[in-house]
**Q** 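The structure follows.
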Amino acid sequence: MRGGGWRSFALRRRNLFGLGLALGFLLLALFADFIASDRPIVLRKAGTLYLLPNLIEYPRLRGFVPGDLRPGDWALWPPVRHGPYTIPALAELEGPLPQPPGPDHPLGTDSAGRDVLARLLHGTRTSLGVGIAAALVQVSIGLLLGVLAGYLGGFIDVAVTRAAEVLLSFPLLLLLLAAQGVLERTTLLSTMAVIALTRWADTSRLVRAEALRVREMPYVEASRALGSSRLRTLLVHVLPNCLSPALVAATFGVGSAILLESALSFLGFGAPEPTASWGLLMANGFQDVLDPNARVLVLLPGLAIFLAVTAFNLIGEGVRDALDPRHQGAVERSAFITSDQKRKLSPMPRVGGGGPTPAT
């Protein structure tokens, strides 16, 4: 967005709220290992300093546990000293699983003894990573096919339009389940690819409509008249002016992809165990939903999904309004005249001839 577009976006507090919420989730996803991990951030052991062992797998630290620290050793730990995949030994368990919130586990544990807070934080990385990657691939495919269909027309337009209509004719969740069911084993990569390859039709329709409008603009005709090739005209004049609907589709697509990934993981067709995912957390909690200690596994991931989807939807609405020329002052409000104003400006003629009768 240009300067005017950003000012229009920032005028509404809900847009800034959505942007701040989305940035908060992104920061949690990026720094999840510095908030919750069973490995220290910095470790000095046996006279050797290890930097970021929570990110780097040092061969000498395989099987490291806090009890291995000796006099003279020290470690800088994250606030939550549990990783998303840490399963405690049976001798360390106190009471049945899942455990309620306590000093060691602020949000309790799941049915395998893993810390809920750590899995919730690392699930942010999984859900946002799949959502952003799927939205980028979806928009890239839709932008390419939509521009080609709208500008070139002919057989390409017919083929792209019919393919999009076929995809849009199927119920989305059913199509995703069928595509994932064909695979022998689902992974995060396959989940991202399936979502992107089944969602590009919406973007291509928006971009195609914009390309049909742009190709009739005077500057495109002038480019052709000056002898520019079709490829140059497409890349220099048509494609850049079709980015607005693609940008709006990308922001909405992130929220939609997060919701779809969570739904697939909840149904067992998304992220595989033991991946930390909001959908898997909800599925684990739903298995023991009658246990009061397991209800947090359903409520907190559901709240996180709701907030993340809301944040990106608010950003999408703000970007859509900011890129709309009518919201940037391209069309003055005074240009729209109501019917009553038209009557006053256009007096009715006198009956039987003569001058016009003044409007009352």
Side-chain angles (χ1 to χ4, degrees), residues 18-19 21-30 32 122-147 160 163-164 166-168 170-183 185-207 243-273 275-283 301-302 304-317 319-320:
L19 181 61
L21 193 58
L23 289 177
F25 277 113
L26 289 173
L27 289 176
L28 287 178
L30 290 174
H122 286 262
T124 307
R125 176 182 299 172
T126 300
S127 297
L128 262 66
V130 172
I132 293 174
L136 289 177
V137 176
Q138 161 199 335
V139 169
S140 300
I141 297 175
L143 178 63
L144 175 63
L145 296 180
V147 167
V160 172
V166 170
L167 281 178
L168 294 174
F170 289 98
L172 180 58
L173 187 58
L174 180 62
L175 182 62
L176 291 172
L177 291 174
Q180 287 285 74
V182 173
L183 302 176
R185 181 176 178 272
T186 60
T187 62
L188 288 178
L189 181 61
S190 69
T191 303
M192 180 272 295
V194 167
I195 293 175
L197 294 176
T198 54
R199 293 282 294 168
W200 62 264
D202 293 324
T203 306
S204 70
R205 294 180 67 182
L206 296 173
V207 175
L243 293 178
S244 295
L247 182 60
V248 175
T251 52
F252 281 114
V254 174
S256 177
I258 291 174
L259 194 60
L260 290 172
E261 184 276 328
S262 301
L264 289 173
S265 298
F266 179 81
L267 297 174
F269 289 85
E273 283 281 4
T275 306
S277 168
W278 290 340
L280 277 179
L281 270 174
M282 294 183 67
I305 294 170
F306 169 76
L307 292 176
V309 174
T310 300
F312 284 100
N313 285 347
L314 289 176
I315 295 174
E317 292 179 1
V319 171
R320 181 187 60 193

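Position 1 is the first residue of the sequence, and the numbers go up from there.
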**Q** Using 0.5 Å steps for rounding, measure from the CG atom of L260 to the CG atom of L173.
**A** 7.5 Å
**Q** Ignoring hydrogens, what is the shortest heavy-atom contact between Q180 and G270? Give both atom names and the distance.
**A** NE2-CA, 4.2 Å
**Q** Using every non-hydrogen atom in the two residues, find where A29 and R125 come nearest and quote the distance to one decimal.
**A**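 In this case the closest contact between A29 and R125 is O-NE, 2.9 Å.
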**Q** Output yes when a side-chain donor or acceptor of S190 lies under 3.5 Å from a complementary backbone atom of T186, and no otherwise.
**A**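 Checked: no pair found.
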**Q** About how many Å separate CG of L128 and CG of L30, when rounded to the nearest 0.5 Å?
**A** 9.0 Å
**Q** How far does CG of L264 sit from CG of L259, to the nearest 0.5 angstrom?
**A**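 Answer for the CG-CG pair, L264 versus L259, is 10.0 Å.
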**Q** Any donor-acceptor pair under 3.5 Å linking the side chain of S204 with the backbone of A201?
**A** yes
**Q** If you take all heavy atoms of E261 and I195, which pair is closest and at what distance?
**A** N-CD1, 3.9 Å
**Q** Could you pull out all residues at least two apart from F266 that satisfy ring pair (Phe, Tyr, Trp, His ring centres under 6.0 Å)?
**A**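 Partners of F266 by the ring pair (Phe, Tyr, Trp, His ring centres under 6.0 Å) criterion, ordered by chain and then number, come out as F286.
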**Q** In residues 243-258, what donor-acceptor pairs under 3.5 Å come from side-chain atoms, sequence neighbours left out?
**A**
unit_1, atom_1, unit_2, atom_2, d
T251, OG1, V248, O, 2.7
S256, OG, R199, NH2, 3.0

**Q** Can you name the residues that form a salt bridge (charged side-chain N to carboxylate O under 4.0 Å, His left out) with R205, not counting sequence neighbours?
**A**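 With neighbours one apart ignored, the set is empty.
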**Q** Show the nearest heavy-atom pair for residues A32 and H122, with the distance to one decimal.
**A** O-NE2, 3.6 Å
**Q** Against L176, only a single residue in T191, L197, L267, T198 fulfils side-chain contact (heavy atoms from CB on, under 4.5 Å); can you say which?
**A** T198
**Q** Donor-acceptor pair, distance only, cut-off 3.5 Å: does the side chain of S127 make one with the backbone of T124?
**A** no
**Q** Taking the side chain as C-beta and beyond, is there a heavy-atom pair between W200 and L143 under 4.5 Å?
**A** no
**Q** Rounded to the nearest 0.5 Å, what's the gap from CG on L19 to CG on L23? Could you check?
**A**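 Output value for this atom pair is 4.5 Å.
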**Q** Given side chains that start at C-beta, do those of T126 and L280 come closer than 4.5 Å, heavy atoms only?
**A** no
**Q** Please find the pair of heavy atoms, one from G142 and one from V207, that lie closest to each other, and give the distance.
**A**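 Looking at all heavy atoms of both residues, the shortest contact is O-CB, 4.2 Å.
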**Q** What are the two closest non-hydrogen atoms of W278 and P301, and how far apart are they?
**A** O-CB, 3.6 Å
